[in-house]
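To keep things clear, I will list the structure first and then write my remarks on it.
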There are 2 protein chains.
Amino acid sequence: MPRSSNSSSAKGGPVTLAMVARRAGVSSQTVSNAINSPDLLRPETLERVRRVIDEMGYRPSRAAQTLRTRSSKLIGYGIQSAAFSYPVLDRFLHAVSQAAEEAGYRILLFACPPGGPTLDGYEELLDQHEVDGFVLSGTERGDPRQAWLTKRGVPFVGFGRMWSGRPIGDWVDVDGASGTDAAVEHLVALGHRKIAFLGWERGSSSAGDDRAEGWQRAMRRHGLPTRGRRGQSSVNDSDVARAAVKPLLDGGATAVVAASDMLALGCYQTLRERGQTPGRDVAVIGFDDSPTAELLFPALSSIAQPLEAIGRECVRLLLARMAAPDAPPERILLEPSLVVRDSATASPAGGG
Amino acid sequence: MPRSSNSSSAKGGPVTLAMVARRAGVSSQTVSNAINSPDLLRPETLERVRRVIDEMGYRPSRAAQTLRTRSSKLIGYGIQSAAFSYPVLDRFLHAVSQAAEEAGYRILLFACPPGGPTLDGYEELLDQHEVDGFVLSGTERGDPRQAWLTKRGVPFVGFGRMWSGRPIGDWVDVDGASGTDAAVEHLVALGHRKIAFLGWERGSSSAGDDRAEGWQRAMRRHGLPTRGRRGQSSVNDSDVARAAVKPLLDGGATAVVAASDMLALGCYQTLRERGQTPGRDVAVIGFDDSPTAELLFPALSSIAQPLEAIGRECVRLLLARMAAPDAPPERILLEPSLVVRDSATASPAGGG
DNA sequence: TCTCAGCGTTGGATCGTTCAAAAGACATTA
DNA sequence: TAATGTCTTTTGAACGATCCAACGCTGAGA
């Protein structure tokens with residue numbers, strides 16, 4: 001089957017609908033139908049048209065489709081400045097892209113200025129009809145995007161719960177509380193009782209609060225005290241992170257559950273500085289399962305997010321919203337999974 | 001100045017060229033000229049049209065522009081499967097996006113299947129006129145993309161030298177050799193003589209070979225032997241990485257320069273396993289300056305790539321290629337910078 | 001016999017923009 | 001006055017697809 005490409009570099013320019021139509025001896029509308037509503041055609045016509053499409057290597061022009069249908073089949077994603085580094089962004093983007101492509105969509109990147117996303121970028125993309133919807137991430141309290149997009153009737157989905165006052169919009173999130181809960185369970189089973197939590201400042205990050213919550217409820221369930229066992233670091237400051245670990249260790253903690261792998265690393269640092277060995281003297285569990293986790297010594301136990309599923313669900317919810325703008329919002333909470341490595345396999349040194 | 005938005009959610013649909021024209025009392029072509037060739041208009045007409053454009057919040061429809069001009073103002077970037085994790089991808093993508101936007105372009109993501117990029121994704125994007133060009137990364141020997149794109153006359157730029165036989169195409173790369181050379185210089189200044197290099201298998205990665213080369217030439221310049229001081233790990237296997245470090249340490253190396261932060265971490269692991277402390281017993285320098293480098297204990301010295309500059313140059317070269325398809329190829333080699341942290345500040349323990 | 005819905009297909013209008021070329025305005029020159 | 005040229009604006013036709021309203025024909029129901 002000689003399937004030549006629709007290359008515009010080949011002589012004669014791109015293959016158009018009309019060219020296919022002429023060669024197949026039908027009108028261009030019929031060719032269009034062959035692609036978009038094959039059931040309208042008589043089987044033999046369909047067969048013939050399809051063969052010609054294949055022979056000529058025809059592919060519809062996205063620009064023309066977009067102009068006519070007013071749908072670009074593009075999904076916008078604002079990529080934040082690297083200030084707040086997200087170690088698994090590459091996997092997330094790959095997952096979203098792949099899921100989008102399976103539905104005939106693609107991801108359009110645009111740069112969000114440092115210091116939090118503004119609405120300008122979103123407005124420009126919309127006004128120019130460049131995108132059909134958005135995937136948001138890093139949605140925090142006070143983020144104006146959700147309300148603004150909702151008001152304008154723009155489809156969007158958030159990766160991360162959106163808790164600006166009353167909940168609005170669709171989102172997909174990971175049940176962080178469930179993850180830290182499982183981490184505590186694992187540590188308790190090993191015999192740990194003094195389990196600390198190292199997170200961010202209360203209220204500064206909703207995901208952080210969520211993860212703290214899981215730790216707290218698991219501790220309570222086992223009748224273990226949490227008082228004085230919660231350390232608060234500021235976001236993105238490794239010095240503060242290290243300082244925040246100290247009172248926890250001074251309090252005799254034999255295990256630390258951290259709200260991110262970065263914080264877990266701060267914990268490693270402080271332990272090393274004191275001449276202690278992470279994993280042996282104090283068990284550590286991180287969050288995110290970033291690529292470096294398994295390369296550390298000892299290998300860092302961490303709570304892995306199901307990124308492929310997240311990407312899939314984001315796209316699914318977004319397409320559903322486009323199809324039914326007035327349907328009730330849908331929220332998906334996915335389970336993370338605890339990846340146990342050497343940093344959390346030992347029982348407490350002093351017996352708990 | 002009441003600048004209302006071009007929202008399609010507002011009643012009446014989007015603002016078009018014709019609507020602006022009617023309101024300004026000119027033809028739509030004149031409005032188009034006001035935007036694309038302002039010098040054709042009489043100053044007072046230009047002023048009036050511009051005011052109306054601003055009042056109505058008009059923004060040209062990208063789809064219509066694309067259809068007419070045959071240029072989508074989009075740049076394709078194939079994001080590889082997460083198998084080969086690249087820790088600074090987020091910073092690279094942000095940099096490229098930002099640079100692209102300053103030139104009126106945006107980045108279109110598409111998922112490359114695991115196991116190396118295929119041409120299908122590129123062909124589809126081209127045939128549908130979705131992109132004007134590509135940014136490639138992870139270009140290795142035997143990569144068919146460069147030759148294929150060149151043959152079809154598609155503009156592209158590589159991040160990473162493209163060494164498939166004779167060089168083709170434009171690229172931007174980091175002078176890895178210069179980076180490892182500087183690392184050796186730094187270590188020599190500290191008094192180290194037995195400086196090992198931990199890289200990947202010879203020939204498996206061109207960037208890896210390049211980085212090895214810099215180490216070798218610096219060693220030779222100082223009259224230091226390199227024999228038996230080069231360790232070879234396979235890509236992406238931390239066990240092999242750890243094993244590869246051992247002979248280097250057994251050989252009495254007091255410092256290790258690694259071809260990536262991942263490999264440097266393997267080095268940390270092996271040292272810890274032997275009860276040694278990285279940075280104190282053996283100096284370690286990584287490559288990439290991934291976000292975790294400064295969070296390790298001791299903080300990992302690393303060679304940082306100028307990602308913002310890389311993004312800017314990629315876009316610049318790509319646009320130049322589009323403007324002049326037959327111009328001679330341009331290659332940019334950027335200098336990385338050594339970031340010294342605790343892992344490489346001590347003189348050799350035994351005196352070198 | 002007449003109407004009418006359904007069949008697979010078609011022609012024409014349309015989406016919003018830019019290109020090419022014609023047309024108008026105005027001053028200059030013969 | 002008419003011809004010439006320059007500067008500014010308009011007209012008409014694409015770009016390549018989809019939407020809509022019909023086409024002529026058949027068979028079923030009234």
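Chain A is the first sequence line, chain B the second, and so forth, proteins listed ahead of strands; every chain is numbered from 1.
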Kindly list each side-chain donor-acceptor pair under 3.5 angstrom involving residues 108-117 of chain B, sequence neighbours excluded, with atom names and distances?
none

Only pairs under 3.5 Å count here: list side-chain donor-acceptor contacts from residues 38-49 of chain A, not counting sequence neighbours, and write none if there are none.
unit_1	atom_1	unit_2	atom_2	d
A:R48	NH1	A:A24	O	2.5

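By the side chain to side chain donor-acceptor pair (under 3.5 Å) test, B:S71 is found to be paired with B:D132, residues two or more places apart in sequence or in another chain being considered. Checked against ring pair (Phe, Tyr, Trp, His ring centres under 6.0 Å), B:F159 has the following partners two or more places apart in sequence or in another chain: B:F92. By the side chain to side chain donor-acceptor pair (under 3.5 Å) test, A:T30 pairs with A:S27, sequence neighbours left out. Among residues two or more places apart in sequence or in another chain, the ring pair (Phe, Tyr, Trp, His ring centres under 6.0 Å) test is passed with A:Y105 by none.
Residues A:F134 and A:Y77 place their aromatic rings such that the two centres sit no closer than 6.0 Å.
The ring pair (Phe, Tyr, Trp, His ring centres under 6.0 Å) contacts involving residues 17-57 of chain B comprise nothing, where partners must be two or more places apart or lie in separate chains. The salt bridge (Lys or Arg N to Asp or Glu O under 4.0 Å) analysis of residues 106-117 of chain B, with sequence neighbours excluded, yields the pairs A:E124-B:R106, A:E130-B:R106, B:E101-B:R106.
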Nucleotide-resolved protein contact map, nucleotides 18-26 of chain D, B/S/- at heavy-atom distance under 4.0 Å: BBB------
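Residue A:R62 is classed as having no contact, given no heavy-atom separation below 4.0 Å to the nucleic acid. As judged by a 4.0 angstrom heavy-atom cut-off over every strand, A:S61 is placed among residues touching the sugar-phosphate backbone only.
Listed for the B:R321 side chain is a donor-acceptor partner under 3.5 Å among the backbone atoms of B:A327.
Closest approach of B:V157 to B:W171, counting heavy atoms only: CG2-CA, 4.1 Å.
The end-to-end axis angle of the helix from C:dT1-D:dA30 to C:dA30-D:dT1, rounded to 10 degrees and based on five pairs per end, is 80°.
In this structure, CG in A:L317 is found 5.0 Å from CD1 in A:I332, a value given to the nearest 0.5 Å.
Under a 4.0 Å N-O distance rule, the pair B:R62/A:D127 does not qualify as a salt bridge.
A heavy-atom distance below 4.0 Å to DNA chain C is reached by none of the residues of residues 39-53 of chain B.
Considering only side-chain N and O atoms, B:T30 lies under 4.0 angstrom from the phosphate OP1 or OP2 of D:dT10.
You can see that DNA chain C meets the heavy atoms of chain B within a 4.0 Å-exclusive cut from C:dG16 to C:dA20, reading 5' to 3'.
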